[in-house]
There are 2 protein chains.
Amino acid sequence: MVALNAARPLLDAACSRPNACNRCEARRVGLCAPLDAAALADLAAGGMRVSFAPREALFRQGDPADHVFILGGGTARLTRLLPDGRQASVGLRFGGDVLGFTPDAEHALGAEALTEAPACRIGRGELERLFRRHPALERHFLDLCARELAATQDHLVALGRFTAEERVAAFLVTLAEAQERRGHRSPVFDLPATRADLGELLGLTLETVSRTVSAFRRRGWLRAPGPHAVELLDRRALAALASGVGAGAG
Amino acid sequence: MVALNAARPLLDAACSRPNACNRCEARRVGLCAPLDAAALADLAAGGMRVSFAPREALFRQGDPADHVFILGGGTARLTRLLPDGRQASVGLRFGGDVLGFTPDAEHALGAEALTEAPACRIGRGELERLFRRHPALERHFLDLCARELAATQDHLVALGRFTAEERVAAFLVTLAEAQERRGHRSPVFDLPATRADLGELLGLTLETVSRTVSAFRRRGWLRAPGPHAVELLDRRALAALASGVGAGAG
DNA sequence: CGGCACTTTGATCGTGGTCAATAAGTGTGG
DNA sequence: CCACACTTATTGACCACGATCAAAGTGCCG
């Protein structure tokens with residue numbers, strides 16, 4: 001549906017064959033999409049192509065933060081492990097997103113691939129050099145950071161004031177939008193996480209997530225061909241819940 | 001207690017008398033501290049000095065986002081009002097922090113002063129011009145944004161996985177640190193918010209906040225000369241709770 | 001086919017929310 | 001200076017949402 005041949009090779013420049021990375025979303029959305037060819041070539045040249053298997057860590061909480069990763073596609077999550085073993089997830093990240101960019105010396109969060117995830121790994125020093133050579137790149141990092149902040153604030157409001165149903169509805173609607181923005185066209189979309197993962201992301205237990213999805217299914221608001229696939233049937237109802245209109249309205 | 005005369009006038013350049021703004025923290029911490037004199041002079045010249053009374057709005061949720069504000073001192077909070085009247089607070093902001101910097105056309109959050117708050121108001125267009133003239137300023141916005149993101153993620157973890165006591169403890173310790181970083185030396189520090197404000201910030205009700213503070217007081221962990229003043233007596237205990245070590249440890 | 005990880009559903013419990021009453025401040029006007 | 005109104009804080013009694021504990025059920029891979 002999307003005219004891929006109109007896109008420049010962009011990050012693919014770092015691949016062995018220029019047009020081999022068909023799954024790289026980064027060139028269409030996120031960091032790389034708005035960059036000019038020269039900046040992208042430099043970015044690709046300065047970074048190292050890597051790929052992560054599901055459940056593989058891009059970096060761990062506490063690791064020295066001397067690399068950033070630009071996701072080429074797939075899904076990853078950022079997590080915090082508390083001293084007593086509790087785990088919280090701060091958000092999902094997709095193709096075009098930057099992970100591990102922090103002013104601190106160590107990563108305060110771990111990053112873990114949920115699907116097979118191609119990425120571009122760049123050293124902090126190299127990144128600083130690129131910033132100096134391509135001021136537009138620095139500006140795009142600023143925009144991306146502001147956007148990530150806004151998304152995190154939305155999530156924060158959800159955890160602070162939303163009920164379990166509202167949180168799950170908000171998550172489903174947001175995820176569907178994210179996948180559509182990345183070119184996904186099928187009405188059935190992927191839920192790239194276990195119930196436990198979703199619980200950690202939404203501040204709920206895995207049982208509550210499961211029960212809530214079941215409740216939505218019983219109401220005819222969604223269909224779940226499998227535990228990791230969802231089709232939103234009544235998006236209006238889910239979006240209403242997700243916006244926080246309360247029990248009074250529909 | 002702090003040698004004020006050692007600091008450059010910085011933002012004060014916009015004041016009628018160069019050294020009149022003794023309460024402006026922005027020149028010591030946050031955005032302005034690391035900037036060179038020329039950039040600061042331009043920043044001050046491009047911005048308009050304004051001051052907000054307690055409970056006055058810097059901007060409202062839904063307002064066109066055509067200005068940013070650099071807090072010169074005092075405390076403000078960022079809030080989201082949900083359609084059904086629920087209110088959530090996303091964080092507190094202090095001298096040196098930037099408010100209202102968003103890639104969106106409208107403010108997704110409202111900003112409200114909690115104390116008397118001097119600020120510098122700058123139009124988006126003017127800010128873009130300053131970015132072009134002083135690349136270091138853009139870089140400082142990026143650093144500030146990354147730091148704000150990290151703080152928001154910490155808060156997110158707290159709302160997702162912390163108990164009421166852990167949230168209140170984390171808030172008190174964080175606030176104490178913020179005030180100390182800004183030169184506050186007295187052991188008794190200011191709680192610039194009502195119990196309802198704290199509830200909105202911590203995802204709790206005002207009653208739970210009140211009960212929790214009372215519980216800490218009964219345990220001898222803090223002293224509260226008034227509802228808006230606190231002295232942390234057992235910082236170790238509070239910090240332990242705030243770090244998420246769980247019920248098992250101390 | 002067996003083992004294992006994940007999901008679903010049920011039963012019960014507890015933290016924190018809700019509703020309500022009282023107390024403590026705070027500012028205003030007589 | 002006190003009386004009054006109003007806002008905020010505290011505390012208590014009760015309740016509900018979601019957590020916890022437990023047991024089937026399902027699907028995948030060896």
Side-chain angles (χ1 to χ4, degrees), chain A residues 53-55 82 84-88 114-115 158-172 190-219 222-230 241 244 246-248, chain B residues 53-55 82 84-88 114-115 158-172 190-219 222-230 241 244 246-248:
Chain A
R55 299 294 157 182
L82 299 178
D84 66 352
R86 279 177 290 180
Q87 192 152 24
L114 291 178
T115 65
L159 295 200
R161 282 293 178 241
F162 278 12
T163 64
E165 290 205 347
E166 288 168 333
R167 293 183 207 184
V168 174
F171 168 75
L172 290 173
D190 226 49
L191 212 56
T194 68
R195 298 290 184 254
D197 293 334
L198 298 184
E200 284 167 13
L201 187 66
L202 301 175
L204 302 169
T205 59
L206 63 95
E207 293 95 329
T208 299
V209 173
S210 178
R211 274 186 249 273
T212 305
V213 172
S214 296
F216 288 167
R217 189 161 13 88
R218 255 174 266 124
R219 278 175 228 169
L222 56 77
R223 211 169 60 82
H228 299 279
V230 183
L241 253 190
Chain B
R55 298 294 157 183
L82 298 177
D84 66 352
R86 279 176 290 180
Q87 193 150 23
L114 291 178
T115 65
L159 295 201
R161 282 291 178 241
F162 278 13
T163 64
E165 290 204 348
E166 288 169 331
R167 293 183 208 185
V168 175
F171 167 76
L172 290 173
D190 225 48
L191 210 57
T194 67
R195 298 289 184 256
D197 293 333
L198 298 184
E200 285 166 11
L201 187 67
L202 301 176
L204 302 169
T205 59
L206 63 96
E207 293 96 329
T208 299
V209 173
S210 179
R211 273 186 251 273
T212 305
V213 171
S214 295
F216 289 167
R217 187 161 14 87
R218 256 175 267 122
R219 277 175 228 168
L222 55 78
R223 211 169 60 81
H228 299 281
V230 183
L241 252 189

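Below, read A as the first sequence line, B as the second, and so on, with proteins coming before strands; counting in each chain starts at 1.
- When only modelled atom types and interatomic distance are considered, Ser214(B) and Arg211(B) share no side-chain donor-acceptor pair under 3.5 Å.
- Checking dA9(D), dT11(D), dC21(D) against every side-chain atom of Pro227(B), the shortest atom distance belongs to dA9(D).
- For the pair Phe162(B) CZ and dA19(D) C1', the interatomic distance rounds to 18 Å; values are reported in whole Å.
- Between the side chain of Arg211(A) and the base of dT20(D) there is at least one donor-acceptor pair of N/O atoms closer than 3.5 Å.
- Comparing dA22(D), dT11(D), dG16(C) by their nearest atom to the side chain of Thr163(B) picks out dG16(C).
- Of the candidates dG18(D), dT9(C), dT11(D), dG18(D) carries the atom nearest the Ala164(A) side chain, counting heavy atoms from C-beta on.
- In this structure, the side chain of Asp84(A) engages the main chain of Arg86(A) through a donor-acceptor pair within 3.5 Å.
- Taking 3.5 Å as the limit, the base of dC19(C) and the side chain of Glu207(B) contain a donor-acceptor pair of atoms between them.
- The bend of the helix from dC1(C)-dG30(D) to dG30(C)-dC1(D), defined by the angle between the axes of its first five and last five pairs, stands at 30° to the nearest 10°.
- Less than 4.0 Å separates DNA chain D from at least one heavy atom of each of the following residues of residues 190-198 of chain B: Thr194(B), Arg195(B).
- The phosphate of dG16(C) (OP1 or OP2) has no side-chain N or O of Thr208(B) nearer than 4.0 angstrom.
- Here the rule is side-chain contact (heavy atoms from CB on, under 4.5 Å) with Arg167(B), and of Val209(B), Leu241(B), Leu204(B) only Leu204(B) fits it.
- Distances shorter than 4.0 Å separate some side-chain N or O of Ser214(B) from OP1 or OP2 on dT11(D).
- Here Gly199(A) lies out of heavy-atom contact (under 4.0 Å) with every strand.
- Counting non-hydrogen atoms under 4.0 angstrom, Leu204(B) reaches the backbone sugars and phosphates but no base.
- With hydrogens and angles ignored, the 3.5 Å screen pairs no side-chain donor or acceptor of Arg161(B) with any backbone N or O of Ala88(A).
- A close approach under 4.0 Å does not occur between any side-chain nitrogen or oxygen of His228(A) and OP1 or OP2 of dG27(D).
- No side-chain donor-acceptor contact under 3.5 Å links Arg195(B) to the backbone of Leu206(B).
- A straight line from CG of Leu159(A) to P of dG18(D) spans 13 Å, rounded to a whole angstrom.
- The shortest distance between the side-chain N/O atoms of Thr205(B) and the OP1/OP2 oxygens of dG16(C) is not below 4.0 Å.
- In terms of position along DNA chain C, the nucleotide closest to Leu206(A) lies nearer the 5' end than the nucleotide closest to the other residue of the pair Leu206(A) and Arg161(A).
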